[in-house]
Amino acid sequence: MNGTDNTDNMNHVDNTTDALVEVVLPGKVEPEGLEVRHGAVPVAGPGQVLVRMEATGVSFAEQQMRRGKYYDQPPFPFVPGYDLVGTVQSTGAGVEPGLTGTRVAALVKVGGWASHVLVDAADVVPVPEGIGAAEAETVVVNGITAWQMLHRKARVRAGQTILVHGANGGVGTVLVQLAHAAGVNVIGTASPRHHDALREQGVEPIDYRTPDLTAPDLTARVRELAPRGVDAVFDHVGGPSVVRSWHLLAPGGTLVSYGSASTRDDEGSKQLPVLKILGRVWVWNALPNGRHAYFFNVWAGRALSKNKFRAQLSADLTQVFAALKRGEVNAQIAAQLPLARVSDALRLAESGTVAGKVVLTP
């Protein structure tokens with residue numbers, strides 16, 4: 001993606017003139033405390049592209065960030081936005097000018113909630129023809145996370161059975177569909193209002209709570225469906241749920257923990273919940289029982305080898321886009337709201353009442 005242009009060192013820019021609009025998280029605030037700021041559109045520097053945002057999203061990371069709970073978030077104030085899809089508006093020196101006008105996706109961790117975003121050219125992935133911006137947005141961070149957990153960590157195989165916590169959520173919905181495309185059976189936890197929709201997708205739904213004293217708890221219900229245990233569990237809940245998930249594994253099974261949603265509203269250290277999970281993972285992997293545990297971080301490995309990280313991310317997101325184009329994955333847009341209504345979008349995403357991704361557009 002990062003070619004060399006020897007014609008000149010000037011930026012290649014289209015004729016569009018705009019103003020920058022971005023959402024700022026000033027500190028630990030309620031969603032209504034987010035600020036909309038206007039300014040000049042930035043200029044692409046060497047090795048960069050300027051992307052005119054067409055769709056970005058609300059992920060669990062931003063919900064944690066506004067509480068100051070995301071374990072490696074930057075200091076306040078900053079512009080949130082974990083990923084985005086948009087069109088390259090201009091290119092910096094050393095970047096192939098032919099990228100201008102191309103629709104791309106990028107994982108950025110912060111900065112995506114803006115009308116224009118500077119991204120390293122090596123970090124953008126082309127979006128295939130025929131996939132809309134909002135559709136593509138639903139599978140950027142969620143799709144990469146789901147793909148890598150399924151195929152790089154758990155290494156699922158056809159005929160296996162997995163447990164997906166939060167099967168109606170942003171990552172969960174993509175996980176379920178990619179698992180089915182791989183011939184894997186899925187048990188999914190969700191609140192009862194989502195059970196009919198999950199059954200239609202071929203998921204065996206379980207209430208993550210115990211509805212009444214006569215109902216079997218989650219562990220008992222999973223054991224009914226998978227007496228020898230499940231081959232993999234994908235757990236974003238953290239806390240006691242991770243321990244329960246470990247004990248639900250079949251011999252040789254894999255636990256992939258990828259968050260600590262249960263501690264989202266807790267006071268105290270933002271690192272401690274993750275450190276506790278990492279400690280458990282270390283202990284479990286030392287046990288001689290053939291089971292494996294991972295704490296998944298989509299950014300793992302970037303500091304050690306940026307080129308390898310970029311190549312892997314590009315390959316995996318390309319696979320996810322191909323699955324989306326084949327219809328193996330459906331773009332589940334829970335709601336689509338303009339950037340100016342980011343407070344409403346964040347409230348909606350945090351409500352737990354929607355399935356799929358809340359998408360923001362310019």
Side-chain angles (χ1 to χ4, degrees), residues 60 63 142 145-146 149-150 153-154 156 159-180 184-266 273-274 276-277 279-281 283-284 287 289-296 350-356:
F60 186 70
Q63 299 173 39
N142 291 345
T145 299
M149 290 195 303
L150 276 168
K153 295 300 183 186
V156 296
Q160 290 187 326
T161 298
I162 66 172
L163 173 63
V164 177
H165 287 294
N168 63 296
V171 174
T173 52
V174 185
L175 253 172
V176 164
Q177 294 175 89
L178 288 174
H180 280 150
V184 173
N185 305 307
V186 182
I187 303 167
T189 70
S191 59
R193 66 173 164 268
H194 299 295
H195 285 193
D196 286 344
L198 288 173
R199 286 190 189 95
E200 288 176 11
Q201 296 175 57
V203 176
E204 185 65 53
I206 299 178
D207 191 350
Y208 57 83
R209 304 157 300 185
T210 302
D212 57 61
L213 294 177
T214 62
D217 67 10
L218 189 151
T219 298
R221 184 70 183 118
V222 172
R223 290 293 184 192
E224 284 178 17
L225 296 167
R228 64 184 290 276
V230 291
D231 296 292
V233 184
F234 301 91
D235 188 312
H236 72 300
V237 182
S241 176
V242 175
V243 178
R244 179 170 59 185
S245 292
W246 172 257
H247 290 297
L248 287 171
L249 290 175
T254 302
L255 165 65
V256 186
S257 169
Y258 65 105
S260 187
S262 64
T263 63
R264 186 187 70 179
D265 297 317
D266 292 358
V274 172
K276 284 182 176 178
I277 295 171
R280 288 191 171 112
V281 164
V283 170
W284 286 332
L287 297 174
N289 58 17
R291 297 187 179 110
H292 305 279
Y294 298 96
F295 181 77
F296 179 81
E350 293 188 7
S351 71
T353 61
V354 295

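Since the structure is predicted, the reported quantities are computational estimates derived from the model, not experimental observations.
Remark: of the listed residues Val222, Asp235, Leu255, Val222 is the sole one forming a side-chain contact (heavy atoms from CB on, under 4.5 Å) with Leu248. Between Ile187 and the choices Leu218, Val233, Leu225, the side-chain contact (heavy atoms from CB on, under 4.5 Å) rule is met once, by Leu225.
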- Might you work through the side-chain contact (heavy atoms from CB on, under 4.5 Å) test for Gln201 and Val176, ending with a clear yes or no? CA-CA 8 Å; Gln201 296 175 57; Val176 164; 4.0 Å; yes
- Message: What verdict does the side-chain contact (heavy atoms from CB on, under 4.5 Å) test give for Val243 and Trp284, after you've listed the backbone C-alpha separation in whole Å, the side-chain angles of each residue and the deciding distance to 0.1 Å?
- Response: CA-CA 10 Å; Val243 178; Trp284 286 332; 4.3 Å; yes
- Do Val242 and Val237 pass the side-chain contact (heavy atoms from CB on, under 4.5 Å) test, and can you show the C-alpha distance, the side-chain angles, and the key distance before you say yes or no? CA-CA 7 Å; Val242 175; Val237 182; over 6 Å; no
- Task: Evaluate the side chain to side chain donor-acceptor pair (under 3.5 Å) criterion for residues Asp231 and Thr161: first the C-alpha distance (whole Å), next the side-chain angles of each, then the deciding distance (0.1 Å), finally the verdict.
- Result: CA-CA 6 Å; Asp231 296 292; Thr161 298; 4.8 Å; no
- Step by step, work out the side-chain contact (heavy atoms from CB on, under 4.5 Å) result for Glu204 and Arg221. CA-CA 10 Å; Glu204 185 65 53; Arg221 184 70 183 118; 3.5 Å; yes
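Rounded to the nearest 0.5 angstrom, Leu150 CG and Gln160 CD are separated by 10.5 Å. Going from atom OH of Tyr294 over to atom OG1 of Thr254 covers 6.0 Å, rounded to the nearest 0.5 Å. Expressed to the nearest 0.5 Å, how far CZ of Phe234 lies from OG of Ser257 amounts to 11.5 Å. In this structure, CZ in Arg228 is found 10.5 Å from CG in Leu249, a value given to the nearest 0.5 Å. The distance from atom CZ of Arg193 to atom CG of Asn168, rounded to the nearest 0.5 Å, is 8.0 Å.
For the 3.5 Å distance criterion, the side chains of Thr189 and His165 qualify, holding a donor opposite an acceptor.
Closest of all the heavy-atom pairs between His236 and Tyr258 is CB-CZ, 3.4 Å. In this structure, Trp246 and His292 approach most closely via the heavy-atom pair CZ3-O, 3.6 Å. Residue Asp207 comes nearest to Ser191 through the heavy atom pair OD1-CA, 4.3 Å, listed as atom of the first residue, atom of the second, then distance. Nearest heavy atoms, Val281 versus Phe295: CG2-N, 4.2 Å. The two residues Met149 and Phe296 make their nearest non-hydrogen contact at CG-CG, 3.6 Å. Annotation for Val164 and Gly172: closest pair CG1-CA, 4.1 Å, computed over non-hydrogen atoms.
With hydrogens and angles ignored, the 3.5 Å screen pairs no side-chain donor or acceptor of Arg199 with any backbone N or O of Pro205. Checking side-chain atoms of Thr173 against main-chain N and O of Gly170 turns up a donor-acceptor pair under 3.5 Å.
Using a 4.5 Å heavy-atom threshold, the side chains of Val230 and Ile162 count as separate.
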